[in-house]
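Here is the structure we will look at, set down as structure tokens.
Count residues from 1 along the sequence.
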Amino acid sequence: MLKELRNIGIIAHIDAGKTTTTERILYYTGLTHKMGETHDGDSVMDFLPWEKERGITVASAATRCFWKGNTINIIDTPGHVDFTAEVERSLRILDGAVVIFCGKGGVEPQSETVWRQADKYQIPRIAYVNKMDAIGADFYRVVEQIKQRLGSNPLVISLPVFKEECFSGIIDLLKMKYYTFAGKLGNDIAEKPIPLEYTDTAKQWRSVLVERLAETDDALLDLYYNNEEIDADLLSRVIRTNTIAGNMVPVCCGSSYRNIGVQLLLDSIVDYLPSPLDVPGSKAVVMETTETINIMPDSQDTFSALVFKIINDRHVGRLAFARVYSGKLKAGALVFNSSKNKRERVGRLLRIHAEHREEINEVAAGDIVAIIGLKDIGTGDTLCSESFPILLETIDFPQPVIQIAIEPKNQAGLDKISEALNRISAEDPTFKISYNKETGQVLLAGMGELHLEIVAERLAREFKLDFNTGQPQVAYRETIGKAAEQVTRYVKQTGGKGQFAHVVLRLEPGEGFEFVNRISQGSIPREYIPAVESGIKQALEEGVLKGYPVVNVKATLLDGSFHEVDSSEMAFRTAAFLATRDCLKKAHPRMLEPVMRLEIVSPEEYTGNIINNITNRRGKLESLEMENHTQIIRGCVPLAELFGYSTVLRSLTQGRAGFSMEFSHYAERHLAS
């Protein structure tokens with residue numbers, strides 16, 4: 001039943017313990033009989049060879065488990081900023097999320113990124129403060145950071161207990177009980193009275209919990225004012241209501257590696273995170289009417305699903321992961337890909353458990369499934385019934401910021417490389433391929449050095465290709481600084497029918513790309529307008545300064561004329577292309593470069609060296625903050641200045657500092673700099 005189904009994601013900063021927590025969940029729910037460890041390279045969810053070797057998650061992995069009569073679909077996502085698209089596409093189709101914070105590191109840069117992504121899709125979430133056994137872990141500091149840095153409303157539902165400075169158990173503030181997790185694998189859960197030294201603290205936090213919940217529920221408010229006993233079930237129901245509404249974020253704690261608290265986290269997942277019935281339906285556009293409707297999770301309704309991930313599997317071919325939003329889907333059924341306006345036949349349906357598959361005959365609304373047999377399918381495509389064609393809201397992905405050149409060691413490898421790269425780009429929307437006509441090199445663009453390093457590794461190991469790679473380069477952009485107009489007449493006579501098109505075009509700074517048609521009284525027939533827009537877009541693919549794509553432009557077609565015999569779509573496309581190129585030259589073209597947000601954690605004595613180095617790299621310092629006797633330095637630095645920065649930082653700080661970075665924005669770069 002849908003009421004007992006949870007579709008959740010595990011999201012966090014890198015090394016907060018996402019995969020370790022997921023491994024414990026799989027063990028305690030009986031799905032696995034051995035706990036895998038990321039540092040040993042034997043975790044179930046990190047099954048790709050490059051994940052095992054690096055001890056990090058690169059691709060999101062899906063699995064399914066059961067807890068107290070509930071079915072939980074889990075997607076374990078990467079924490080590294082280079083693979084943020086995996087988080088984006090997962091959150092688009094999930095109903096809830098567990099955000100994991102390191103008890104020592106607290107709210108880190110990628111924590112903020114994934115939190116904003118969850119805000120974007122209005123995902124109800126639970127916060128789990130992990131690694132409470134680590135030296136320097138501070139539960140209360142992390143709760144305060146969730147409130148201050150993330151602008152959230154944390155609700156503490158459990159407290160850590162320390163015996164002789166060792167993390168020993170958890171106080172449940174709803175039941176007012178102390179839980180310990182004995183045995184080698186934390187299976188022996190004991191419910192005990194709260195230790196005397198923690199009694200006052202527990203009562204204080206329980207009072208805060210009840211008081212804040214009473215403000216949101218009348219029945220609870222009456223009991224609170226009359227000093228009547230409040231049972232845990234009522235508190236749990238009110239927490240669930242506030243969590244699903246996005247008013248509060250329950251905060252619990254534990255140490256997944258030490259097997260403390262994961263069972264209580266599972267309880268919180270089924271108690272507080274929503275089922276598909278508890279969240280608003282997914283918005284969709286009815287294609288024939290352009291009317292916007294809400295798709296509710298009803299298995300008796302017309303079928304609709306969104307494809308959120310593509311994998312090329314060497315055994316079965318292309319696997320399309322989809323969330324079913326309404327109706328049912330059977331193996332062998334005909335479906336309509338409304339995004340590409342094509343019919344497709346479903347081959348087989350699979351339930352996915354990391355790299356293991358279970359074949360099923362049917363899947364219903366609310367569930368997640370992998371489909372085999374779809375030929376022309378892409379990330380973000382809508383599958384539906386041809387009798388009721390709709391388009392579900394698609395997925396937006398960030399643009400690549402870094403690129404490298406590769407070339408095969410022999411000409412025979414060129415076709416093989418092209419085929420392999422096309423397969424990888426079909427899986428990864430943030431990975432782009434282009435060709436440099438002058439040098440004959442293939443250019444690969446991605447989200448960071450590690451992203452492209454993984455792609456190169458896949459080409460060598462998975463596809464058995466031999467190639468050379470160039471140094472990483474920045475994926476610059478171009479834009480314009482002022483408005484400009486251009487009148488272009490394209491006339492070509494080659495004997496017989498000629499070519500004629502006349503356009504008057506204005507370009508001005510804007511947001512993204514916008515095309516406005518101001519033609520009146522049919523000076524250009526309507527059927528030629530799409531050709532004009534196409535010509536403008538084609539011209540914007542290569543700027544006039546250095547040939548980089550042009551962004552943030554508003555193009556307005558002001559006027560023009562046509563010839564009844566000689567005008568054609570090709571003529572207007574060419575005229576628009578030429579007009580755009582001339583317009584760009586007059587509109588003060590400018591270079592833009594990607595700027596990264598940098599966070600450095602370092603001993604205080606190296607602060608001066610680090611700040612000087614940031615300034616020398618054209619960076620801007622944003623803040624300095626002391627936490628746990630370490631200095632946290634935040635700033636923005638152009639990506640072009642950050643290649644090989646980890647080596648420089650190790651040299652500056654004798655290897656004692658660490659850093660993380662994420663894309664912030666594009667900023668103007670003066671060509672002289």
Side-chain angles (χ1 to χ4, degrees), residues 1-9 62 64 69-73 75 89-96 121-124 244-245 270 273-309 319-352 358-374 376-395:
M1 287 178 60
L2 281 179
K3 192 177 177 184
E4 280 78 44
L5 177 63
R6 304 287 182 272
N7 292 316
I8 68 158
R64 182 185 182 89
N70 294 269
T71 302
I72 308 174
N73 286 324
I75 296 183
R89 63 164 140 212
S90 300
L91 288 175
R92 166 63 184 85
I93 55 92
L94 292 170
D95 301 321
Y121 294 110
Q122 298 178 324
I123 301 289
I244 292 171
V270 299
L273 290 180
S275 74
L277 296 172
D278 297 317
V279 293
S282 187
K283 287 186 172 59
V285 174
V286 182
M287 291 181 69
E288 293 171 358
T289 65
T290 68
E291 172 196 359
T292 301
I293 59 171
N294 230 26
I295 303 293
M296 301 307 292
D298 184 351
S299 59
Q300 303 305 313
D301 207 343
T302 312
F303 167 72
S304 67
L306 183 75
V307 174
F308 66 94
K309 184 177 171 75
L319 265 178
F321 286 76
R323 161 75 186 262
V324 181
Y325 281 98
S326 61
K328 292 179 180 177
L329 178 63
K330 291 186 177 181
L334 268 175
V335 294
F336 182 61
N337 182 341
S338 55
S339 303
K340 294 192 167 69
N341 203 27
K342 288 187 175 180
R343 288 191 200 92
E344 293 264 23
R345 184 171 293 280
V346 172
R348 292 186 285 154
L349 300 177
L350 302 176
R351 288 226 190 282
I352 299 294
E358 171 198 347
E359 193 159 344
I360 57 174
N361 293 321
E362 184 179 75
V363 65
D367 219 337
I368 294 169
V369 70
I371 305 170
I372 297 175
L374 302 178
D376 190 9
I377 194 74
T379 302
D381 284 1
T382 299
L383 301 176
C384 60
S385 167
E386 196 169 4
S387 62
F388 189 59
I390 60 169
L391 274 173
L392 289 159
E393 191 178 347
T394 189
I395 311 167

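Applying the salt bridge (charged side-chain N to carboxylate O under 4.0 Å, His left out) test to pairs two or more places apart or on separate chains, none has a residue in residues 290-304. Residues in residues 383-393 take part in these salt bridge (charged side-chain N to carboxylate O under 4.0 Å, His left out) pairs, two or more places apart or across chains: Arg343-Glu386.
Between Ala370 and Ile352, the closest heavy-atom pair is CB-CG1, 3.6 Å. Asn7 approaches Gly366 most closely through the heavy-atom pair ND2-O, 2.7 Å. Summarising the geometry of Thr379 relative to Phe308, their closest heavy-atom pair is CG2-O, 3.5 Å, with the distance given to 0.1 Å. Considering all non-hydrogen atoms of both residues, Pro276 and Leu5 come closest at CD-O, 3.3 Å. Nearest heavy-atom pair, Ala305 versus Ala322, reported as atom, atom and distance to 0.1 Å: CB-CB, 4.4 Å. In plain terms, the two heavy atoms of Asn361 and Leu349 that are nearest each other are O-CD1, 3.8 Å.
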_Set out, in order, the CA-CA distance, both residues' side-chain angles and the distance that settles side-chain contact (heavy atoms from CB on, under 4.5 Å) for Ile371 and Phe321, then state yes or no._
CA-CA 6 Å; Ile371 305 170; Phe321 286 76; over 6 Å; no
*May I have the step-by-step check of side-chain contact (heavy atoms from CB on, under 4.5 Å) for Ile368 and Lys309, ending in yes or no?*
CA-CA 11 Å; Ile368 294 169; Lys309 184 177 171 75; over 6 Å; no
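Using a 4.5 Å heavy-atom threshold, the side chains of Asn337 and Asp376 count as separate. Between Leu350 and Val369, the closest side-chain pair of non-hydrogen atoms is not below 4.5 Å. Taking the side chain as every heavy atom from C-beta outward, Ile75 and Arg89 never approach each other to under 4.5 Å. Side-chain contact check for Val346 versus Leu383: every heavy-atom pair is 4.5 Å or farther apart. Contact check for Ile390 versus Ser338: no side-chain heavy atoms found under the 4.5 Å cut-off.
Taking CD1 of Ile72 as the start and CZ of Arg6 as the end, the distance is 8.0 Å to the nearest 0.5 Å. With rounding to the nearest 0.5 Å, the separation of CG in Leu306 from CG in Leu391 is 10.0 Å. Remark: Ile123 CD1 to Ile93 CD1 distance equals 9.0 Å, nearest 0.5 Å. Within the model, atoms CG of Leu374 and NZ of Lys342 stand 12.0 Å from one another, a figure rounded to the nearest 0.5 Å.
A donor-acceptor pair is defined here as one N or O able to donate and one able to accept, closer than 3.5 Å; no such pair exists between the side chain of Arg64 and the backbone of Arg351. A donor-acceptor pair under 3.5 Å is formed between the side chain of Arg345 and the backbone N or O of Gly332.
With sequence neighbours left out, the side-chain hydrogen bond (donor to acceptor under 3.5 Å, both in side chains) criterion links Thr382 to no other residue. With sequence neighbours excluded, no residue forms a salt bridge (charged side-chain N to carboxylate O under 4.0 Å, His left out) with Lys328. Partners of Ser275 by side-chain hydrogen bond (donor to acceptor under 3.5 Å, both in side chains), not counting sequence neighbours, listed by chain and number: Asp278. Contacts of Lys340 classified as side-chain hydrogen bond (donor to acceptor under 3.5 Å, both in side chains), with partners at least two apart in sequence or in another chain: Asp381.
Atom CD of Glu362 is surrounded by more than 12 heavy atoms from other residues, nucleotides or ligands within 6.0 Å.
Considering Asp95, Asp367, Asn73 as possible partners of Arg323, the one that fulfils the side-chain hydrogen bond (donor to acceptor under 3.5 Å, both in side chains) test is Asp95. Screening Ser326, Ser282, Ser385 for a side-chain hydrogen bond (donor to acceptor under 3.5 Å, both in side chains) involving Ser304 leaves a single residue, Ser326.
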